[in-house]
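Numbers restart at 1 for each chain; the letters A, B, ... are given by sequence-line order, proteins then strands.
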There are 2 protein chains.
Amino acid sequence: MGQLCLPVGMSQQDLVKMDTIVQERVRVHKGETLYRMGEPLSAVYAIRFGTLKTHVTMEDGRTQITGFHLPGEVIGLDGLGEMQHASDATALEDAEVCVVRFDDLQSLSNHLPSLQGQFLRLMSKEISQDQVMLITLGSMRAEERLAAFLVNMSERLSARGYSSTEFVLRMSREEIGSYLGLKLETVSRLFSRFAEAGLIQIRQRHVKIIDMAGIKQVYSRSC
Amino acid sequence: MGQLCLPVGMSQQDLVKMDTIVQERVRVHKGETLYRMGEPLSAVYAIRFGTLKTHVTMEDGRTQITGFHLPGEVIGLDGLGEMQHASDATALEDAEVCVVRFDDLQSLSNHLPSLQGQFLRLMSKEISQDQVMLITLGSMRAEERLAAFLVNMSERLSARGYSSTEFVLRMSREEIGSYLGLKLETVSRLFSRFAEAGLIQIRQRHVKIIDMAGIKQVYSRSC
DNA sequence: CGAGCCTTTGAGTTTCCTCAACCTGAGTGG
DNA sequence: CCACTCAGGTTGAGGAAACTCAAAGGCTCG
């Protein structure tokens, strides 16, 4: 569990203790939601396998995807402050998560000093990632955003032992668009343009990266 | 100090204890930086008075403002994970901050159980705010972004005892633009348009909100 | 009071969106 | 087994939004 569910940085004994409280696992089928915005926060979740998206919906119905989450990542942290979930989490494919119950956590954290730090670190990382997205949405053009997205997916998949050059996107063009602040047609056109330029091969959701350096250039050689 | 430097939620005795460790204050003059990205994190900072901006710069020189920070807010939390600052913090006007040293904090947090929770809550709030910005940048049009910005400033100022309808923007059009993912000319034009529509009065950086409901409509009646 | 920065406003251009048609592949029922 | 359906994806044409470039006016600060 330890390796899959919480990132490195804890001692072996601590991991053993952790294992004793995190025995609960939940399966989430494609399209089902793990939690919804506004629900009381009873736990955070470490993804064992599968991909989930987190998204928020405004009063007027518009929706924005705030993240795609791969195995090994922890979701639900954004609700810790108000003790209620700040977004929806939906499975993009059948997935399984470890349930880290919050009341267990609180009683345990006294005995596990490293756990507090672990959570601070996770939350801080989430803040940093959000800030990277702010740059992406605030100062990049469509082309650059999509290139950044591809590189980001590649790196995260690679860090989890998958191929960094060939993978399957678990989300639709529309979902990518929502995440990147673009329309689905724009995403589709850009994929086609990247393919034409010899940077990638793409057939449906199967992506093969041909020229990684070229893709990185797309968002570094601007201005 | 307590009221000014850390939000509510701590008991009176805890506040007294806090006061004993947070005696250090720093003045930051307009244009000076409090900390820079990459510097080792030795403290977080609670703003006593003045306004600061946090911003990040990419390799290619592009810069994005990630937040404007008013008195009472805590900055520097985004660096807690890596123990080094994840952004620059620059004063928009002469300001003073309380220095919350991290080593003091760690030794103290054992004796102050509420402090840990306090920090989790602050960080979680920061994540939520970033996610609101993601929606803003990802799915709103220029007009809506600026309206949301005005309402946000108004509410935060009001919560701090200032007027909610009349205030001075401490940042330039360019800085507002960077924050909202717009160019300075666009920001300027939109202010003029809002004024023409009778929603606000604006002269340089002095804003007077005439029709708050109208401004809120700008970003609720879309689609 | 002058220099430099900030702001406003205009004209033209680019980027991305909208609308629309058509294609593809997976799943379904006859 | 094949035709059908339907969601997702591609591609094109036209238009709207925001950007770029440019010029001129206004504040602020030394």
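Between the side chains of B:His55 and B:Thr90, a donor-acceptor pair is found at a separation under 3.5 Å. Inspection of the A:Thr66 and A:Thr54 side chains reveals an N or O donor paired with an N or O acceptor under 3.5 Å. A:Gln201 and A:His206 share no side-chain donor-acceptor pair at under 3.5 Å.
Put simply, CZ on B:Arg205 is 10 Å from C1' on D:dT28, counting in whole angstrom units. Atom CG in A:Leu184 sits roughly 13 Å away from atom C1' in C:dC16 (whole-Å rounding). In this entry the distance linking NZ of B:Lys30 with P of C:dC5 reads 13 Å, nearest Å. In this structure, A:Met140 atom CE and C:dT15 atom P are separated by 17 Å, rounded to whole Å. Put simply, CG on A:Leu182 is 14 Å from P on C:dT15, counting in whole angstrom units. Here D:dG12 presents its P atom at 21 Å from NZ of A:Lys183, a figure rounded to the nearest Å.
Comparing A:Leu190 and B:Phe191 against DNA chain C, the residue whose closest nucleotide sits nearer the 5' end is B:Phe191. Nearer the 5' end of DNA chain C, as judged by each residue's closest nucleotide, is the contact made by B:Met171, out of B:Met171 and B:Arg189.
Listed pair B:Ser192 / C:dT9 meets the phosphate criterion, a side-chain N or O lying under 4.0 Å from OP1 or OP2. OP1 or OP2 of D:dC19 sits under 4.0 Å from a side-chain N or O of B:Thr186.
Each of D:dC21, D:dT11, C:dT7 was ranked by its minimum atom distance to the side chain of B:Glu185; first place goes to D:dC21. Listed candidates were D:dA18, C:dT18, D:dC21. Nearest to the side chain of B:Arg141 is D:dA18.
A salt bridge links A:Glu73 with A:Arg156; the closest basic N to acidic carboxylate O contact falls under 4.0 Å.
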